[in-house]
Number of protein chains: 2
Amino acid sequence: MPMFDLASYLPYLVNRVGARLAEAFSGELADLRITLPMWRVMAALCQKAGQRVGELAEVTSIEVSTLSRLLRAMERKELVRRARSLEDARTVLVELTDAGVAMTDRIVPRARLYQDLALSGFTSAESDSLKAMLVRVHGNLGALAAQRSGFERPA
Amino acid sequence: MPMFDLASYLPYLVNRVGARLAEAFSGELADLRITLPMWRVMAALCQKAGQRVGELAEVTSIEVSTLSRLLRAMERKELVRRARSLEDARTVLVELTDAGVAMTDRIVPRARLYQDLALSGFTSAESDSLKAMLVRVHGNLGALAAQRSGFERPA
DNA sequence: TATTGTTATACTCTATAACTATA
DNA sequence: TATAGTTATAGAGTATAACAATA
């Protein structure tokens, strides 16, 4: 029987936390009839107003084809608007509607509160340290993927 | 437009890292015809030999009904074995077959290497600190879920 | 009655590829 | 030709509930 300590295996720890974060916040969004993927899109859009579909896919970690259908559902709920770019007519720019902005405004305080609960007992230095290390790991994995693709990626 | 900084939002950072970890290691497992959920089950089982289905569901963050079908698929591949418990005939104990142990033995070194790549540039103290903080966040979220369920859960 | 696990259903996500339109 | 996005399909996951067996 091979030896392997899950409790010190980073992917396990991250997956576990991610599952709990997702489960808990999904419940938080249920009464607003918003799903977690929708909130991810809204959070990305409220950070930067008009984004291309591919850009959004990268930020939200949602597959482009999945995202395309998700955006259609969000359009039906009048949360977002899609429009062809004037500069490059291949690309589609996505932005929040007024209703989308209003909904995001309702969710953001919950998201903040929720993060505070997840980090309760942490000093602000500890929170910052945790986040910085997650960013470093993300970077390491990105470099890894870039290597495999044969060469460095633009970013 | 609401203000919200994704780059300092913990759920976003965790989701992002989780997505990259999953994507990268899935590729690592592809040539062995093992999926990530299968590996999660195997890793859990190599940590503790015989586990109930519900126990495995908790450890792997996989829904019981999904896990039930996953275990059937793993039985067909002769990686695991299911058997009714003698003590409580309602419960089913899952364990790795010899082939399952052999496969796990092939994967474990890759998993270790893979973790090292994800944590490259980290001192051992930093890695430990990151893991410990993820465990604390997991605990905070568990306490939160327990509260909502009306009262404290056994564990 | 409550619990454990399996099964069924409907819905969503992923992966892949075909397709349209632009560049 | 290459790129951006949409759409279609099949396979797998999730959520829910019904169900069987056992406690």
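Every heavy atom of this structure was used, including side-chain atoms; hydrogens, water molecules and symmetry mates were not. Labels below follow one simple rule: chain letters A, B, ... track the order of the sequence lines, proteins then strands, and each chain is numbered from 1.
Atom CZ in B/R84 sits about 7 Å away from atom C1' in D/dA21, given to the nearest Å. For A/L93 and D/dG5, the CG to C1' distance is 12 Å, given to the nearest whole Å. For the pair B/L86 CG and D/dT22 C1', the interatomic distance rounds to 14 Å; values are reported in whole Å. Rounded to whole Å, the distance from CG on A/L56 to P on D/dG5 is 9 Å. As a whole-Å value, the separation of B/E75 CD from C/dT7 P is 10 Å. The distance between atom CG of B/D88 and atom C1' of C/dA2, rounded to the nearest whole Å, is 12 Å.
A close approach under 4.0 Å does occur between a side-chain nitrogen or oxygen of B/R82 and OP1 or OP2 of C/dT6. Between B/R52 and the phosphate of C/dG5, there is a side-chain N or O to OP1/OP2 separation shorter than 4.0 Å.
Counting non-hydrogen atoms under 4.0 angstrom, A/V64 reaches a base of the nucleic acid. Counting non-hydrogen atoms under 4.0 angstrom, B/T91 reaches the backbone sugars and phosphates but no base.
Along DNA chain D, the nucleotide closest to A/G54 and the one closest to B/L67 are compared, and the more 5′ of them pairs with A/G54.
A cation-pi arrangement is absent between A/R40 and B/Y12 under the rule of less than 6.0 angstrom and at most 45 degrees off the ring axis.
Ring geometry, A/Y9 versus A/F4: the interplanar angle exceeds 60°, so the pair is classed perpendicular (tilted spans 30 to 60°).
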N/O-N/O pairs, protein side and nucleotides 11-15 of chain C side, under 3.5 Å:
unit_1 : atom_1 : unit_2 : atom_2 : d
C/dT14 : OP2    : A/T66  : OG1    : 3.3
C/dA15 : OP2    : A/E63  : OE2    : 2.9

